[in-house]
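What follows is one structure encoded as structure tokens, with my remarks underneath.
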Amino acid sequence: MNRSRFIQQAMGLGPIWESREGWFTDHPAEITRHALIQASHDKAMAELHHLETAAPAIPEPAAQASAASLPSQQDSQLPVLPATALPDAEVDALDHLPDWEQLEQNVANCERCTLCRTRTQTVFGRGNPQARWMLIGEAPGEHEDRQGEPFVGKAGQLLDNMLAAAGLDRDRDVYIANVLKCRPPGNRNPVPEEILACQGYLQQQIQHVQPVLIVALGRFAVQTLLQSEQTIGKLRGQVHQYQGIPLIATYHPAYLLRNLPDKAKAWQDMVLAKKTYVQQAG
Ligand code: URA
């Protein structure tokens with residue numbers, strides 16, 4: 001007996017109405033629905049074929065990113081935070097999933113680490129909270145701290161261009177968040193205590209969005225989500241899982257601005273992401 005039937009029976013509801021095997025398969029509405037699903041699948045496959053065969057001309061943002069806003073050493077390692085290392089208060093907080101507005105408010109009021117003293121404002125995320133793709137970066141930089149939105153600087157422009165080349169609209173098709181919600185001063189690397197203090201918020205965002213696919217941008221996001229010390233070079237090119245959600249690891253757009261040859265690899269990662277998405281959603 002399936003779960004909903006069990007609950008209905010336990011509530012004294014019944015008798016349960018059930019369709020007979022094959023009853024609906026030749027109903028006109030069902031035929032139309034099936035045709036629509038097939039057409040959307042065919043379109044996605046055609047797009048994918050186009051992406052795989054045509055190397056995109058992803059426009060560069062107007063100028064190079066300033067050195068200060070670039071993530072350093074994409075291939076170096078971060079200390080791994082054990083999943084069980086959450087302090088009790090954080091674990092309790094995760095037991096209770098606040099609604100989206102409350103979660104945003106909790107982030108805005110957060111004082112869990114010292115970054116609250118130096119931030120201009122928190123950066124919660126942007127895009128469509130019902131999107132099927134979720135992109136996760138590192139932390140707000142100077143522009144993001146000032147504007148309160150992720151990826152608004154040069155790296156963000158490159159990211160937008162890459163998404164557009166992959167047929168994705170950054171406001172409609174994706175939700176974009178960061179591991180840290182506050183800017184580390186001087187754009188220094190996040191430290192483990194900050195990642196630990198902030199990770200509950202990201203987990204709750206993921207629980208809300210329930211993406212079909214996660215794309216982790218840069219080593220902080222990749223190593224944090226995968227609890228791994230391996231380099232992006234090793235982790236990219238395969239489909240990982242984050243709590244049952246397929247995760248693609250790729251380079252951070254700010255890193256790509258300085259390492260143009262790796263843009264081809266980042267494009268391969270986008271193609272893998274799209275292929276994985278089509279398989280999951282189809
Ligand atoms: N880099 C990130 O990882 N996130 C941002 O929001 C901006 C730059």
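Heavy-atom basis, side chains included; hydrogens, waters and symmetry copies ignored. In listed order, ligands and their atoms are each counted from 1.
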Element-labelled atoms of ligand 1 that are located less than 4.0 Å from some non-hydrogen atom of [X]:
| X | result |
| --- | --- |
| Pro150 | 6 (O) |
| His252 | 1 (N), 2 (C), 3 (O) |
| Gly137 | 3 (O) |
| Glu138 | 2 (C), 3 (O) |

Counting both backbone and side chain atoms, is some N or O of [X] under 3.5 Å from an N or O of ligand 1?
| X | value |
| --- | --- |
| Glu149 | no |
| Ala139 | yes |
| Ala155 | no |

Check: [X]/[Y] side-chain N/O donor and acceptor closer than 3.5 Å:
| X | Y | value |
| --- | --- | --- |
| Tyr255 | Asp262 | yes |
| Asn106 | Gln102 | yes |
| Tyr277 | Arg132 | yes |

Give a yes or no on whether a salt bridge exists between Glu144 and Lys181, defined as a side-chain N under 4.0 angstrom from a carboxylate O.
-> no

What do you reckon, is CD of Glu111 surrounded by more than 12 foreign heavy atoms closer than 6.0 Å?
-> no

Aromatic Tyr201 / basic Arg112 pairing, under 6.0 angstrom, 45° off normal = yes

